[in-house]
Amino acid sequence: MRAEPPPEPTMLAAGRRAYDRCDELAALSAIKGSIHRFHLTSQHAWANALVGRWMTAAGLRTRIDAAGNLIGRMEGREPGLPAVMLGSHIDTVPDAGRYDGPLGVVLGIEVAELLREAMPSMPHALEVVAFSDEEGTRFPQTMLGSKPVAGDWQDEWLDQTDETGTSLRQAFKDFGLDPAKARTAARRPDELVAYLEAHIEQGPLLEAQARPLGVVTSIAGARRIALTITGEARHAGGTPYDRRRDALVGASFAVLAIESIAKRRDIIGTVGEIEAFPGAVNVVPGRVEFSLDLRAETDEARDAGWDEIRDTIGRVCVERKLNFHWTEEHRAHAVVCADWLMEAIADAVVATEGSAEPVPRLYSRAGHDAMVMADVTEVGMLFIRCEDGISHAPAEAVTVWDVALAAEAFATATRTVLTTDRSRHA
């Protein structure tokens with residue numbers, strides 16, 4: 001096991017505080033004993049209030065924007081300067097872990113506290129944002145916090161409903177926001193220097209290398225596709241095999257093909273939902289609906305993989321006299337992190353770890369607010385080791401030690417970005 005130098009007492013205290021604050025946020029849940037905190041709910045309001053108190057204590061001036069995001073700002077050497085923005089999200093998936101999103105927010109607050117005395121001489125301002133929604137758990141649209149900030153807002157989203165039938169429009173009103181003003185959360189490119197995000201890796205690669213921190217090179221481009229294979233529902237006992245048009249057998253071949261193609265092409269293909277109809281034990285399935293989540297380091301690799309998957313499933317269906325239909329439900333382009341921000345983060349990790357070993361560089365297989373913020377400013381990301389790569393589950397875990405190292409590296413990188421002449425990277 002590779003040994004890192006012990007964090008300095010100040011950084012260890014920052015790491016402990018950030019770690020404990022994730023526990024405090026975990027208690028703000030719709031279900032006791034589990035973490036359920038969704039967009040524009042009372043739990044979201046409680047989280048905004050709690051994180052807002054932490055921001056104020058760190059010297060940040062807080063506000064809630066028109067999309068429900070909590071933003072804290074610390075001015076530089078004069079008011080109104082473009083800001084380096086740090087942040088992540090405070091919403092969760094159902095039965096979530098406690099670090100996916102919130103750890104990046106509380107580390108941003110720690111950085112503000114660590115740089116507080118230096119900010120009056122800085123040529124840029126500092127902002128910390130707690131995005132209201134990244135996961136898209138309550139409403140079908142994802143990234144409802146960062147998208148408005150990046151200028152991506154569509155009024156038709158307001159008609160989307162959650163599982164109780166409550167529309168996004170009504171949720172805005174219940175939260176005390178005016179849905180007609182959501183687009184006013186947009187920031188201009190000249191208002192921001194860069195967006196930096198610290199996040200758990202949500203994968204096992206850093207742990208496998210015995211490294212606590214890594215630099216994100218890019219964020220995977222994703223497509224979500226709904227697939228349907230249709231055959232003919234018939235009596236299970238009375239229908240010979242040569243007369244069957246079994247949709248579930250066709251879908252089974254499709255699932256295996258997806259895994260095989262994804263492995264060979266080094267992309268990620270996941271079938272997370274599948275349902276057979278009519279769903280009776282003694283009926284040959286006549287229709288199967290299933291999902292495909294497809295990700296890759298580049299859009300080109302992802303799309304080429306989908307072309308092969310689509311064609312392969314099509315051939316299987318022709319051979320088995322089945323019909324195949326698909327609909328794309330979501331597409332997000334791959335985002336490459338800015339070179340100068342990657343270097344700032346890498347140099348900070350080297351300084352923190354005190355090692356000449358190359359800093360791990362890896363692309364993010366998961367989506368993040370940074371991929372949306374790239375539409376309005378340049379982005380960089382710091383990855384933090386998590387135990388066994390587990391995320392989106394209660395077993396999600398980090399160590400205080402790693403969080404302390406992350407606090408130091410994130411503060412060092414932020415200081416570098418704050419003092420960099422942004423015209424060099426325009």
Side-chain angles (χ1 to χ4, degrees), residues 18 21-22 24-26 28-30 35-41 43-52 54-55 62 64-72 85-111 127-150 152-153 157 168 171 175 177 182 185 187 195-202 216 219 222 330 332 335 364 366-377 379-384 386 391-393 396 398 406 410:
R21 284 175 170 175
C22 288
E24 291 186 61
L25 277 169
L28 305 180
S29 172
I35 305 175
H36 293 68
R37 189 170 53 253
F38 306 152
H39 185 42
L40 302 180
T41 60
Q43 294 77 36
H44 174 195
W46 300 341
N48 271 357
L50 179 60
V51 176
W54 296 336
M55 286 182 174
T62 64
I64 305 290
D65 73 8
N69 301 305
L70 172 65
I71 300 174
M85 179 181 279
L86 317 177
S88 195
H89 59 98
I90 55 173
D91 71 311
T92 73
V93 296
D95 198 23
R98 60 193 61 204
Y99 305 107
D100 171 15
L103 181 58
V105 174
V106 296
L107 280 173
I109 296 171
E110 292 303 322
V111 169
E127 292 188 2
V128 180
V129 59
F131 286 118
S132 60
D133 173 84
E134 187 255 22
E135 303 288 2
T137 303
R138 183 178 180 189
F139 297 99
Q141 186 64 42
T142 62
M143 311 279 187
L144 283 170
S146 52
K147 281 183 175 178
V149 175
D152 180 6
W153 178 260
W157 293 344
L168 179 58
F175 202 77
L177 299 170
R187 304 296 292 273
Y195 172 80
L196 301 179
E197 183 168 355
H199 205 284
I200 59 170
E201 181 197 345
Q202 299 180 286
V216 177
I219 304 170
H330 169 78
V335 168
S364 174
H368 301 286
D369 290 301
M371 68 193 305
V372 173
M373 291 302 294
D375 287 340
V376 71
T377 192
V379 301
M381 286 192 70
L382 172 71
F383 261 174
I384 304 158
C386 57
S391 184
H392 281 192
E396 197 173 82
V398 297
F410 205 36

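- Nearest heavy-atom pair across Gly52 and Thr62 is O-CG2, 3.9 Å.
- To the nearest 0.5 Å, atom CD1 of residue Ile64 and atom CG of residue Leu177 are 8.0 Å apart.
- Under the rule for a ring pair (Phe, Tyr, Trp, His ring centres under 6.0 Å), the partners of Phe175 that lie at least two apart in sequence or sit in another chain are His44.
- Two residues are said to be in side-chain contact when any heavy atoms from C-beta on lie closer than 4.5 Å; Val51 and Ile109 meet this criterion.
- Considering only heavy atoms from C-beta on, His89 stays 4.5 Å or farther from Met143 through its side chain.
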Step-by-step side-chain contact (heavy atoms from CB on, under 4.5 Å) determination, Asn69 to Phe131: CA-CA 5 Å; Asn69 301 305; Phe131 286 118; 3.5 Å; yes
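- Rounded to the nearest 0.5 Å, atoms CD1 (Ile384) and CZ (Phe410) are 8.0 Å apart.
- Remark: the backbone N or O of Gly68 is paired with a side-chain donor or acceptor of Asn48 at under 3.5 angstrom.
- Arg98 CZ to Cys22 SG: the interatomic distance, rounded to the nearest 0.5 Å, is 8.5 Å.
- When side chains are defined from C-beta on, Val129 does not count as touching Val149, because their heavy atoms never get closer than 4.5 Å.
- A distance of 5.0 Å separates OG1 of Thr142 from NE2 of His330, quoted to the nearest 0.5 Å.
- Of all heavy-atom pairs between Ala18 and Val106, the closest is O-CG2, 3.6 Å.
- For the atom pair CD (Gln43) and CD1 (Ile35), the distance works out to 12.5 Å, reported to the nearest 0.5 Å.
- Between His39 and Ser132 the shortest heavy-atom distance is CE1-OG, 3.1 Å.
- Applying the side chain to side chain donor-acceptor pair (under 3.5 Å) criterion to Thr92, with sequence neighbours excluded, gives no partner residue.
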Derivation and outcome, side-chain contact (heavy atoms from CB on, under 4.5 Å), residues Leu25 and Trp54: CA-CA 12 Å; Leu25 277 169; Trp54 296 336; 4.0 Å; yes
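- Closest approach of Ala171 to Arg138, counting heavy atoms only: CB-NH1, 3.8 Å.
- In this structure the side chain of Pro102 reaches within 4.5 angstrom of the side chain of Arg37, judged on heavy atoms.
- With a 4.5 Å cut-off on side-chain heavy atoms, Met85 and Thr377 do not count as touching.
- Taking every heavy atom of both residues into account, Asp133 and Asp369 meet most closely at O-OD1, 4.3 Å.
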From CA spacing to verdict: side-chain contact (heavy atoms from CB on, under 4.5 Å), Asp152, Val372: CA-CA 9 Å; Asp152 180 6; Val372 173; 5.6 Å; no
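- A donor-acceptor pair under 3.5 Å links the side-chain atoms of Glu396 to the main chain of Asp100, judged by distance alone.
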Check against side-chain contact (heavy atoms from CB on, under 4.5 Å), Ile90 and Leu28: CA-CA 11 Å; Ile90 55 173; Leu28 305 180; over 6 Å; no
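- In terms of heavy-atom proximity, Ile219 sits nearest to Gly367 at CG2-CA, 4.1 Å.
- Asp95 is linked by a side chain to side chain donor-acceptor pair (under 3.5 Å) to Ser34, counting only residues two or more places apart in sequence or in another chain.
- Under the 3.5 Å distance criterion, the side-chain polar atoms of Tyr99 are left unmatched by any main-chain donor or acceptor of Ser391.
- Separating the OH atom in Tyr195 from the CE atom in Met381 is a distance of 7.0 Å, to the nearest 0.5 Å.
- With a 4.5 Å cut-off on side-chain heavy atoms, Met373 and Glu197 do not count as touching.
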